[in-house]
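Sequence lines set the chain letters: A, B, ... in the order given, protein chains first and strands last, and positions in each chain run from 1. Any value given below was found using the heavy atoms of this structure, including those in side chains, with hydrogens, waters and symmetry copies removed.
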Amino acid sequence: MGLIEGTGLDKVYSTATGPLVALTNVSFTINEGEFISLVGPSGCGKSTLLSILGGLEQKTDGDLVLAGQHHDAPRRDIGMMFQTSVLFPWRTIRQNVRLPGEILGLDRKQQAERTDELLDLVGLNGFGDRYPSELSGGMRQRVALARLLAHDPRVLLMDEPFGALDEFTRETMNVELLRIWEKTGKTVVFVTHNIGEAVFLSDRIFVMTPRPGRLEGIVEVDLPRPRTTEVMRDPRYTEHVYDIRRMLGVDH
Amino acid sequence: MDMTAQATLPGTSAAAREDAVARFIAAEKRRQQQRLIRNRLLAIGFGLLVIAIWYVATEYGFVHRLIIPSPVDTFWATGRVMSADYFWPNVGVTLSEIAWGFGIGLTSGVVFGVLVAMFDTVRATLYPYLVALQAPPKIVLAPIFVTWFGFDQPSKIAVAVVMSFFPMFLNTLTGLSSVDPNAVKLMRSLTAGRWKTFRHLLLPNALPIMMAGVKLCWTLAVLGVIVGEFVGASAGIGYLIYAMNFQLDIAGVFSLIILLSVFTLVIYQLIEWLESRIIFWKQL
């Protein structure tokens, strides 16, 4: 019994030009503490699936169970992170990280301590009193990462969190994310269209294809942990990337 | 690092390079200051030029004094008007009308803006009418308001309210509606309800656009009161302007216009200062 179980999930949008099938018959199991990536081209339904997992959107049909309960609404044990940092410019870095605690009415003193620990964890010690506009894009995503962990959610849902960063910053953030994930043991569902990133990070990769959005297959990543950028020289890394490209039909 | 720099720049010591950088920065600062002074001088010079043309045109008989009084006449008229015993009571009347008109217009604009933005039922019920009401120029209501509310203050306040309400209403609505969808998703994922989303996200996010509305609201409240006083009043600055114009005291009219402009501008600056305080993060 996994932490999250989806069975025959469908999602249909009603649009002006008729019904649009975003997801069809998607079934999967996600275990506690696993790092899962959803990979696929635009329109494959990976962001829709993430929204459904977050309880922000309703499935049209199928079953979704989280920790033994039917799941169809936002929960405080799920955290979400987006492609943009979505920091509030009127709040300092520290105040931004404390937002989830304030919304959920968590203990103020504990949250204050936790905020300092988290800023430490993401390498932003000393930036707590700055404002978001004073930080670079990579630093802002670090703050978003700290905020994601603020209320200690069990499941982290990340929607292309490093998609807007340059290649170098993205790689650094990937390494940091793995370090934090190994430390905290969270269950992560990570959306990306970057195959290499998915292979580098994940235990398993859900490969999705568009029109209509389907789960084409699941790739088990056979690479040792803890991982450093060294694994990118591992022949198995290249092989996984190649396999996924073939599943997505992007080989020319 | 130093080694390579040394290699590519033979003969320059670290001290010499530092010195060059310091000199460059000093020169750059000087240039900036000179540009600032030049811009100030240009603006002041232009103002003086306009006054000079005004002076020559009026004092040397190119334009009749009854049409445009000279700057000197206007200056003396300002002193005369401000020391007259009828002046300050009339100022008091107009100021209290503006204060009430601005206050009510601002408050009702914000309240309706929030209600329409936050409640679908209110939006569905009221929004079409509020948009339709916004179409005609509100000045046409001034004579009707005099009929309804009389020659005293309430009719002027009413004109100011209907004129200043709409920019405040629309800017509040626009401000509350223009929000990053991901930020809304974030709040929803944190199980935040309507009120928490409003307080932590929508309201602070709307403040820049709302403050732009406050400035419009202020200008239009002043305009509304003066127009109201033109249409029918027994006291106030607008009434004085109207009366002096009738008596062909054009210099007096000019002085009142200048005084009113100065007052409006001072309050406008005050609002801008408040704005920079409230939405401090835009300056960062």
Side-chain angles (χ1 to χ4, degrees), chain A residues 47-48 50-58 73-93 95-106 129-135 140-141 143-144 147-148 150-153 155-161 163-164, chain B residues 1 106 110 113-114 117-120 124 168 171-215 271-284:
Chain A
S47 287
T48 305
L50 199 77
S51 285
I52 293 173
L53 288 176
L56 298 181
E57 283 190 60
Q58 302 298 318
R75 295 167 56 121
R76 52 198 300 155
D77 56 355
I78 297 177
M80 293 197 83
M81 182 169 167
F82 307 93
Q83 185 169 15
T84 51
S85 58
V86 207
L87 301 179
F88 295 175
W90 51 89
R91 284 176 167 250
T92 62
I93 299 312
Q95 289 166 343
N96 267 291
V97 176
R98 293 191 59 171
L99 178 79
E102 281 176 41
I103 304 280
L104 296 168
L106 304 180
D129 295 322
R130 300 285 192 89
Y131 283 90
S133 55
E134 300 173 281
L135 268 56
R140 281 186 226 171
Q141 282 311 76
V143 180
R147 183 186 55 198
L148 172 70
H151 59 297
D152 203 18
V155 180
L156 309 181
L157 304 179
M158 308 176 80
D159 196 356
E160 299 190 35
Chain B
M1 195 63 207
L106 180 104
V110 170
V114 169
M118 298 299 291
F119 300 98
D120 288 343
M168 205 56 234
N171 279 43
T172 304
L173 182 59
T174 311
L176 290 172
S177 314
S178 37
V179 56
D180 177 2
N182 277 346
V184 177
K185 272 195 199 171
L186 174 74
M187 294 303 279
R188 282 188 58 208
S189 79
L190 290 169
T191 69
R194 195 198 292 276
W195 165 240
K196 278 182 176 163
T197 306
F198 177 77
R199 189 161 65 95
H200 290 290
L201 171 63
L202 299 181
L203 183 64
N205 183 62
L207 284 175
I209 298 179
M210 285 174 72
M211 284 310 295
V214 172
K215 287 191 269 186
I271 297 174
E272 286 211 316
W273 176 79
L274 266 176
E275 181 184 24
S276 72
R277 279 323 190 66
I278 295 172
I279 47 178
F280 62 91
W281 63 89
K282 289 277 166 188
Q283 265 96 51
L284 290 172

Best-contacting candidate, Lys196(B), His200(B), Arg199(B), Met187(B), against chain A by heavy atom pairs under 4.5 angstrom: His200(B)
Residue among Asp180(B), Leu207(B), Leu186(B), Thr191(B) with most heavy-atom pairs under 4.5 Å to chain A: Leu186(B)
Heavy-atom pair of closest approach, residues [X] and [Y]:
X	Y	value
Pro100(A)	Leu190(B)	CB-CD2, 3.7 Å
Phe88(A)	Ala183(B)	CE2-CB, 4.2 Å
Pro74(A)	Arg188(B)	CB-O, 3.2 Å

From CA spacing to verdict: side chain to side chain contact (heavy atoms under 4.5 Å, CB included), Trp90(A), Ile279(B): CA-CA 8 Å; Trp90(A) 51 89; Ile279(B) 47 178; over 6 Å; no
Residue pair Phe280(B), Tyr131(A): steps toward the side chain to side chain contact (heavy atoms under 4.5 Å, CB included) verdict: CA-CA 11 Å; Phe280(B) 62 91; Tyr131(A) 283 90; 3.3 Å; yes
Asn182(B), part contacting chain A, at a heavy-atom distance under 4.5 Å: both
Interface moiety of Leu201(B) toward chain A, non-hydrogen atoms closer than 4.5 Å: both
Proximal component of Ile78(A), with respect to chain B [non-hydrogen, under 4.5 Å]: backbone
Region of Arg91(A) that comes under 4.5 Å of a non-hydrogen atom in chain B: side chain
Candidate pair Lys185(B) and Ser51(A), rule side chain to side chain contact (heavy atoms under 4.5 Å, CB included), full reasoning: CA-CA 9 Å; Lys185(B) 272 195 199 171; Ser51(A) 285; 4.1 Å; yes
Side chains of Thr197(B) and Ile103(A) in contact at under 4.5 Å (non-hydrogen atoms): no
